[in-house]
Asks: 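I have a structure I would like to understand better, so I am pasting it below and will then ask my questions one at a time.
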2 protein chains.
Amino acid sequence: MNLKIVKAQKEFGKTVAADIAYRLREEILSCRLPPGEPLRFEALRASFGASFTTLREALMSLVADGLVAAEGQRGFRVAPISLDDLFDITSTRVLIEIEALRQAIAKGDDEWEIGIISALHRLNRIEERIKTPPGEDLNWRRAHREFHQALISACGSPTLLAIHDSLFDRSERYRSVSATYRPYDRNKVGEHRALMSATVGRDTDLAVKLIEKHIRDTADNVATYAAEHFDRPALHMTAKAALAK
Amino acid sequence: MNLKIVKAQKEFGKTVAADIAYRLREEILSCRLPPGEPLRFEALRASFGASFTTLREALMSLVADGLVAAEGQRGFRVAPISLDDLFDITSTRVLIEIEALRQAIAKGDDEWEIGIISALHRLNRIEERIKTPPGEDLNWRRAHREFHQALISACGSPTLLAIHDSLFDRSERYRSVSATYRPYDRNKVGEHRALMSATVGRDTDLAVKLIEKHIRDTADNVATYAAEHFDRPALHMTAKAALAK
DNA sequence: ATTCCGAAAAATTTCGAAATCATGCGTTAC
DNA sequence: GTAACGCATGATTTCGAAATTTTTCGGAAT
């Protein structure tokens, strides 16, 4: 585990703990820290350069987001993935996003429309530029997330938005798993544009239909290409353990 | 603030931090720690007998549950309450619980039905016994929560259940606020029974209608009796500050 | 050969001091 | 008289060592 030692500095968040939580989140969402991987304090300490306490706080906030699993007094590990979990997240996302989108279309103002169009434009630009699978590109992931947030940002319910954020993060991890094994589906570009049109055009029924299809298709795609990589026992054999064979 | 000093001992949770989080949660849900109240470490340290770090961890988990607000580097306070927040929680609860109840009725087995009937029976027994407003009784609150959990426990979606738990906690605080100012509405007993009957009788449309009415009526009741107590600036004047006037 | 017990080892959890940051007040310059 | 600066104060945040808990490994008994 030769991650370079980076001095804990408030690059992103206001506090060191928030910064570490953010960086750890990136590692987990991109699956550089694979599902099931145990998170031992000594190793994290070496990678992130923070104390036990600060790391613990970062880990706890990720537990709250469902990205890390805490097992009583037996430490932390990256939350495992499974087909059941993927289906559960997908169904719940459909429920939440449909409702949020309905309300946003009913309540959204000019600024909301502009936010959607801007987010889509930025996403498209990034997709033109990058060559690597977008699932691994930090900027693409950020732009993709911001587009989906923009769609429902006018729904008027902080709770709905918070739930959406959490579910979107958990979905992201599955996208990353499958992105390793397949090229990016260019049809997504069209889907995003259609979603924008229907939403800004206040065609509630069409927009709702499109968002459900978009979410379910993405999940199906992941399941098809990556299912064989689920539910494996965590591959956390150290070099030492592998050598002992 | 003359809370008695109780030695931090693992009465409830497995770890001291989990135990303190549980006890703090109770204080907040019952509004013994009023909304908006600043949570200063020295005071908490005296009340709960734990170190800064442990308290911080407990606070952070309550922040994740939306019961405590963390303001950057300016410490913690009990999350404020407002009519907007009450309406937001209520709408989202309706969405979540209707879907969860639908799925539970479709998938529930014998054990599920028995769980509902048992939970209702326990709740009724407690209601017969107690004299104080139920909102302040720990056992009533626990039984009430377990009845609502039992109704949807068979929905098959861990995510839906987790969201419900979180929203139920946040609602609980509003119930506590209003419970201080009005007697318990005995109609609730009948509502719970009707809810049980429709659910166990697999009458999806009726059950869904009843749960929505139950949630909305409770919220309206709270709003009517307690609205004047919302949005007040936090009453955290110390004796010194009051004296200075 | 297998299971059970106990002690050593490894990991997590807790602690209080030290560092850091925000706030309010007094002083000074304009 | 007003605004701006700087210091003192009180609070939070971070640290690494110490205590507690879990896990592992070896040995003896069944």
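Every chain is numbered from 1, with letters handed out A, B, ... down the list of sequences.
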Asks: Choosing from dT13(D), dA11(C), dG16(D), which nucleotide comes nearest the side chain of Thr53(A)?
Replies: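 The nucleotide sitting nearest to the side chain is dG16(D).
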Asks: Given dT14(D), dT14(C), dT12(D), which nucleotide is nearest the side-chain atoms of Val16(B)?
Replies: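 Selected nucleotide: dT14(C).
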Asks: Below 4.0 angstrom from OP1 or OP2 of dT22(D), is there any side-chain N or O of Gln73(A)?
Replies: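 So the side-chain polar atoms of Gln73(A) do come within 4.0 Å of the phosphate oxygens OP1 or OP2 of dT22(D), strictly under.
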Asks: Whole-Å distance between dC15(C) P and Phe48(B) CZ?
Replies: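 Value for this atom pair: 14 Å.
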Asks: Whole angstrom is fine here: how far is it from CE in Met60(B) over to C1' in dT13(D)?
Replies: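 Going from CE in Met60(B) over to C1' in dT13(D) covers 12 Å.
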Asks: With respect to the phosphate group of dC15(D), does any side-chain polar atom (N or O) of Arg45(A) fall under 4.0 Å of OP1 or OP2?
Replies: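 Checking Arg45(A) against dC15(D): no side-chain N or O falls below 4.0 Å of OP1 or OP2.
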Asks: Rounded to the Å, how far apart are Arg77(A) CZ and dA11(C) P?
Replies: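 Distance check: Arg77(A) CZ to dA11(C) P gives 14 Å.
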Asks: Between Leu59(A) (CG) and dA11(C) (P), how many Å, whole number?
Replies: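 Nearest whole value for this atom pair: 15 Å.
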Asks: Before giving the answer on salt bridge (Lys or Arg N to Asp or Glu O under 4.0 Å), spell out for Asp19(B) and Arg23(B) the whole-Å C-alpha distance, their side-chain angles and the decisive distance to 0.1 Å.
Replies: CA-CA 6 Å; Asp19(B) 180 55; Arg23(B) 284 157 60 196; 3.2 Å; yes
Asks: Going through the distances and angles, do Ile20(A) and Leu59(A) end up as a side chain to side chain contact (heavy atoms under 4.5 Å, CB included)?
Replies: CA-CA 9 Å; Ile20(A) 291 183; Leu59(A) 260 342; over 6 Å; no
Asks: Quickly work out the Phe76(B) CZ to dG10(D) P distance and round it to whole Å.
Replies: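 Taking CZ of Phe76(B) and P of dG10(D), I get 22 Å after rounding.
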Asks: How many Å lie between CG on Leu39(A) and C1' on dA11(C), as a whole number?
Replies: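 My rounded result for the distance is 13 Å.
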Asks: Taking atom types as modelled, is there a side-chain donor on His164(B) or Gln149(B) under 3.5 Å from an acceptor on the other?
Replies: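 Note: His164(B) and Gln149(B) side chains miss the donor-acceptor criterion.
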Asks: Starting from the 5' end of DNA chain C, give me the residue, Glu71(A) or Arg74(B), whose nearest nucleotide shows up first.
Replies: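 Residue closer to the 5' terminus by nearest nucleotide: Glu71(A).
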Asks: Can you tell me which nucleotide in dT14(C), dT12(C), dT14(D) comes closest to the side chain of Phe41(A)?
Replies: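 Nearest nucleotide to the side chain: dT12(C).
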Asks: Separation of Leu55(A) atom CG from dT12(C) atom C1', in whole Å?
Replies: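 For the pair Leu55(A) CG and dT12(C) C1', the rounded distance is 12 Å.
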Asks: Quick one: is Thr54(A) getting a side-chain N or O under 4.0 Å of the dC15(D) phosphate, OP1 or OP2?
Replies: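 For Thr54(A), the contact criterion (side-chain N or O under 4.0 Å from OP1 or OP2 of dC15(D)) is met.
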Asks: Do the non-hydrogen side-chain atoms of Lys107(B) and Cys155(B) ever get within less than 4.5 Å of each other?
Replies: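 Side chain of Lys107(B) against side chain of Cys155(B), heavy atoms only: no contact under 4.5 Å found.
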Asks: Given atom CD of Glu57(B) and atom C1' of dT12(C), what is their separation to the nearest angstrom?
Replies: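 These atoms are roughly 11 Å apart.
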Asks: Would you indicate what Phe52(A) reaches in the nucleic acid, counting non-hydrogen atoms under 4.0 angstrom: base, sugar-phosphate, or nothing?
Replies: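 Counting heavy atoms under 4.0 Å across all strands, the contact made by Phe52(A) includes a base.
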Asks: How are the rings of His144(A) and Phe168(A) set relative to one another: parallel (under 30°), tilted (30 to 60°) or perpendicular (over 60°)?
Replies: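 Answer is tilted, since the angle falls between 30° and 60°.
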